[in-house]
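Data first, discussion second: the structure below is written as structure tokens.
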Amino acid sequence: MKLEPAFYHRNNVVTIARSLLGKLLVTHKNHDKTSGIIVETEAYSWKERGCHAYGGKCTARNEVMFEPGGKAYVYLCYGMHNLFNVVTNREGIADAVLVRAVEPLEGEEVMINRRGDVGRYQLTSGPGKLTRALGIDRTFNGKTLWTNEVWIEDIGMKFNSKHIETGKRIGIDYAGADANLPWRFMVKGNRWVSRI
DNA sequence: TACGTGATCACG
DNA sequence: GTGATCACGTAA
């Protein structure tokens with residue numbers, strides 16, 4: 001069943017990033033349904049330098065982060081890759097969770113068509129790869145996550161801290177000391193987790 | 001390890 | 001208007 005708005009409106013983005021592991025990210029476009037189990041996330045908070053909305057800075061790109069939790073924040077990275085985030089917290093408090101990897105569940109053929117035949121474990125094992133595989137582009141920016149086009153679902157998969165690996169977030173060296181925050185979460189041993 | 005790639009943002 | 005920058009992926 002789809003996650004309710006209240007799931008996203010909570011104020012602890014780290015807690016939400018952890019609890020998104022094992023949830024199912026689903027897209028449905030042009031009669032193609034694709035889905036994957038979330039196996040890697042990163043938390044971002046307006047209070048730290050890694051975040052696009054650091055210090056409450058609102059721009060044309062990140063304004064959806066300031067809306068109530070439960071929307072998609074999708075932006076273009078390095079001129080090529082669409083990255084998918086889940087906006088959290090209440091209106092005006094800009095927190096978000098980056099989804100970095102999923103394990104394919106439904107529509108693997110469609111994903112291969114979109115990504116090319118790159119091999120089973122390369123299909124969705126990174127933040128740019130999974131958006132391509134699931135057909136997520138910037139037109140998804142601002143969509144609520146309980147529409148019929150994109151949503152996140154609870155499939156009863158639960159992980160305790162024994163099954164979750166924690167680490168520093170990837171690719172944010174510009175964040176200074178905040179780059180060391182242990183806000184990256186991975187399902188231990190899962191084959192689709194992005195880079196080591 | 002190196003670079004493609006183009007939107008974005010802080011300048012003025 | 002302009003230029004530096006960038007929450008990545010790929011080949012090598």
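Sequence lines set the chain letters: A, B, ... in the order given, protein chains first and strands last, and positions in each chain run from 1.
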Any non-hydrogen side-chain atom of A:His52 less than 4.5 Å from a side-chain atom of A:Arg61?
yes
A:Asp173 CG to C:dC8 P, in whole Å, measures 10 Å
Atom-to-atom span, CZ of A:Arg138 to P of B:dA7 - whole angstrom
7 Å
Which distance, rounded to the nearest 0.5 Å, do you find between the CE of A:Met111 and the NZ of A:Lys129?
14.0 Å
Assess whether side-chain contact (heavy atoms from CB on, under 4.5 Å) is satisfied between A:Glu40 and A:Arg184, documenting all intermediate values.
CA-CA 7 Å; A:Glu40 180 178 346; A:Arg184 179 188 183 203; 2.9 Å; yes
Do A:Leu145 and A:Leu3 come within less than 4.5 Å of each other through their side chains, counting heavy atoms only?
no
Students should find that the hydrophobic cluster of A:Val87, defined by side-chain heavy atoms under 4.5 Å apart, otherwise consists of A:Tyr44, A:Val64, A:Met65, A:Phe66, A:Tyr73, A:Tyr75, A:Leu83, A:Leu98, A:Ile172, A:Tyr174
Distance in Å, A:Ser45 OG paired with A:Ile93 CD1, rounded so as to fall on 0.5 Å steps
9.0 Å
Can you list, in residue-number order, the parts of residues 86-125 of chain A that come under 4.0 Å of DNA chain B, counting heavy atoms only?
none
Using purine N1 to pyrimidine N3 plus N6-O4 or O6-N4 for Watson-Crick, or N1-O2 and O6-N3 for G-U wobble, both under 3.5 Å, which nucleotide pairs with C:dA7?
none
Interface residues of residues 57-68 of chain A with DNA chain B (non-hydrogen, below 4.0 angstrom)
A:Lys57, A:Thr59, A:Ala60, A:Arg61
Under 3.5 Å, which N/O atoms of the protein pair with N/O atoms of nucleotides 3-6 of chain B?
unit_1, atom_1, unit_2, atom_2, d
B:dT5, O2, A:Tyr78, O, 2.7
B:dG6, N2, A:Gly79, N, 3.2

From the candidates C:dC8, C:dA7, C:dT10, the one with an atom nearest any side-chain atom of A:Ile170 is C:dC8
Any chance NZ of A:Lys168 has more than 12 other-residue heavy atoms, nucleotides or ligands included, within less than 6.0 Å?
no
Grab the CG-C1' distance between A:Asn141 and B:dT8 for me, whole Å please.
13 Å
Please give me every residue in residues 37-56 of chain A whose heavy atoms get under 4.0 Å of an atom in DNA chain C, ordered by residue number.
A:Tyr44, A:Gly50, A:His52
Who is the Watson-Crick or G-U wobble partner of B:dG12, with both distances under 3.5 Å?
none
Can you find a side chain N or O atom of A:Tyr174 that sits less than 4.0 Å from OP1 or OP2 on C:dA7?
yes
Rounded to the nearest angstrom, tell me the gap between atom CG in A:Leu83 and atom P in B:dT8.
14 Å
Distance in angstrom units between A:Asn85 CG and C:dC8 P, rounded
11 Å
Residue pairs passing the ring pair (Phe, Tyr, Trp, His ring centres under 6.0 Å) test with at least one member in residues 109-155 of chain A, sequence neighbours excluded, are A:Tyr121-A:Trp192
Side-chain donor or acceptor of A:Arg132 paired with backbone N/O of A:Asp137 under 3.5 Å
no
With a cut-off of under 6.0 Å to the ring centre and 45° to the axis, is A:Arg10 in cation-pi contact with A:Tyr8?
no
